[in-house]
Each structure stands twice: as C-alpha cells, then as structure tokens.
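Reading through the structure tokens given below for one structure.
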Amino acid sequence: MADVLSNDEVEAQLNDEWDRDGDEIVRVYEFDDYLEGVAFAAAVGEVAEEEFHHPEITIRYKEVEVRLTSHEEGGITEKDLRLADLFDDEL
Ligand SMILES: C[C@H](O)[C@H](O)[C@H]1CNC2=NC(N)=NC(=O)C2=N1
C-alpha cells in the first residue's frame, strides 16, 4: 500500500501541467473537437485499467478533466503522480 505524500513531496513531484485540489491532482486537457477529447478519455481509461488505478474523467465540449487520488490510502500517492505522467504520454 503506497504512502500518502506530504504537501512538500506533492509540490516537488507534480509536473507543471497539473494542479493540486485538496486530496486530488487535476488537469484539464483541451482539444480541437469533442470527439478528440472522447478518444483521449478512452485512452486514459485503457492506461488506468492496465495500472488498476482509476481517475475521475469528465468529458466536456473540447476539453477533458482528469482527477486522480488514491481512495484506499485517502490521499495523493506515487501512484497518482505516475498515472498523471502516463496520461500525459497519451497526448
Ligand atoms: C478495491 C479498490 O477499488 C481497487 O484496489 C483499486 C481500484 N482503482 C483505484 N483507483 C484509485 N484512484 N484509487 C484506489 O484506491 C483504487 N483502488
């Protein structure tokens, strides 16, 4: 079971594209059209299933919001930071 990271650890490791929101990290990805965002959300879902660590994904017109937290641990862990990097590789 991964440990919940301290505020300093999250701050130090979170890549610039992501923000912290309480016990979650969040990024809003923007796209040129709706279906591009839908396809991206599906790719994120595939990675999440492979890693068995699942984000909250909100698909909006020309944007997709992805939120990550480690529910079992009750906060942000290395798993969340790792998934964020993997999702960014899908771009
Ligand atoms: C039983 C528990 O739901 C599973 O072990 C996995 C599934 N996906 C998960 N995803 C996230 N974000 N946090 C979890 O704690 C988590 N747990």
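Because the structure is predicted, anything quoted here is derived from the model rather than measured. Residue indices begin at 1 and follow the sequence shown. As the structure lists them, so they are numbered: ligands from 1, and atoms in each ligand from 1.
- No N or O atom of D80 sits closer than 3.5 Å to an N or O atom of ligand 1.
- The two residues H54 and H71 have their closest heavy-atom pair at O-NE2, 4.4 Å.
- When atom types are taken as modelled, the side chain of R20 and the backbone of G22 share a donor-acceptor pair closer than 3.5 angstrom.
- The aromatic rings of Y29 and F40 sit tilted, their planes meeting at an angle between 30° and 60°.
- Atom 10 (N) of ligand 1 has H54 N, 3.0 Å as its closest protein atom, hydrogens excluded (heavy atom only).
- The closest non-hydrogen atom to atom 3 (O) of ligand 1, taken over H71, K79, E72, comes from E72.
- In this structure, a donor-acceptor pair under 3.5 Å is absent between the side chains of N15 and R27.
- Comparing heavy-atom distances from atom 12 (N) of ligand 1 across T77, L68, T69 singles out T69 as nearest.
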